[in-house]
Amino acid sequence: MRKILFLPAFALTFMACDNKSPDVQASTADPATTDQVGATGHSTADTQKGNCDKTAGLVWSEIRQECVQIDSHGTRLQPVEQTGSATASAFIDISADKNQAELYVPETDNTIMLQHTGDGTYSSNTWRYEEATKSLFNHEKLMYQGQ
């Protein structure tokens with residue numbers, strides 16, 4: 001009777017050893033048919049615009065076209081005026097070609113795209129960032145300053 005129970009248990013052990021985790025299977029699959037994995041370690045199918053895992057600190061980057069942890073890629077800017085006990089930083093991420101910058105401010109849910117206007121200055125209708133001084137202005141008022 002023990003031999004009869006031992007044989008199926010032994011077979012199940014070998015079948016279980018053949019199972020691969022999804023990460024291992026994805027890495028051995030044909031690259032042309034699988035999603036690319038971005039710098040954040042998340043596949044592009046899982047992190048398309050608006051589907052970033054905010055609980056993991058990920059936000060969509062228009063410049064990078066992937067979900068990023070902005071504190072790892074952008075420059076932190078501290079508020080000039082302290083309002084309340086919490087300090088909410090802004091972040092700015094300048095594109096590799098330096099033609100535009102993406103602004104993340106706590107006042108908005110979406111990022112704000114700034115265009116390079118010369119001499120290290122990036123601006124939109126109301127926002128202006130000066131790269132040399134790491135100063136961010138809104139309606140010409142200094143709002144955030146980098147270290």
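Along the sequence shown, the residues carry numbers beginning at 1. Source: prediction; values computed, not measured.
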Q: Identify the two heavy atoms, one from Cys52 and one from Val59, that lie closest to each other, and give their separation to 0.1 Å.
A: SG-C, 3.6 Å
Q) If every non-hydrogen atom of Ser89 is compared with every non-hydrogen atom of Pro106, which pair is closest and at what distance? A)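 Answer, listing the atom of Ser89 first, then Pro106: O-CD, 3.6 Å.
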**Q.** Partner of Glu130 by side chain to side chain contact (heavy atoms under 4.5 Å, CB included), out of Asp119, Leu136, Thr121
**A.**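 Of the listed residues Asp119, Leu136, Thr121, the side chain to side chain contact (heavy atoms under 4.5 Å, CB included) partner of Glu130 is Thr121.
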Q. Do Asn110 and Thr108 get their side chains close enough for a donor-acceptor pair, meaning under 3.5 Å?
A. no
Q. Just checking, is any N or O donor in the side chain of Ser95 or Asp97 under 3.5 Å from an acceptor N or O on the other one?
A. yes
Could you tell me the separation between the [atom1] atom of [X] and the [atom2] atom of [Y], rounded to the nearest 0.5 Å?
X: Ile92; Y: Arg76; atom1: CD1; atom2: CZ; value: 14.5 Å
X: Lys98; Y: Glu131; atom1: NZ; atom2: CD; value: 4.5 Å
X: Arg64; Y: His73; atom1: CZ; atom2: NE2; value: 5.0 Å
X: Ile63; Y: Glu102; atom1: CD1; atom2: CD; value: 5.0 Å
X: Lys134; Y: Leu77; atom1: NZ; atom2: CG; value: 8.5 Å

Is there a chain of hydrophobic side chains (I, L, V, M, F, W, Y, each step under 4.5 Å between heavy atoms) that links [X] to [Y]?
X: Ile112; Y: Tyr144; answer: yes
X: Leu114; Y: Ile94; answer: yes
X: Leu142; Y: Leu103; answer: no

(Q) Any heavy-atom pair between the side chains of Gln78 and Gln147 that's under 4.5 Å? (A)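 Touching, per the 4.5 Å side-chain cut-off.
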Q. Any side-chain heavy atom of Asp93 within less than 4.5 Å of one from Thr111?
A. no
Q) Is Gln145 reaching over with its side chain to a backbone N or O of Thr133, donor-acceptor style, under 3.5 angstrom? A)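 Side chain of Gln145 to backbone of Thr133, a donor-acceptor pair under 3.5 Å: yes, one is there.
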Q. Under 3.5 Å, side chain of Gln69 to main-chain N/O of Ala56, donor-acceptor pair present?
A. yes
(Q) Please list all pairs meeting ring-ring contact (aromatic ring centres under 6.0 Å, His included) that have one or both residues in residues 93-142, counting only residues at least two apart or in different chains. (A)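 The answer is His116-Tyr122.
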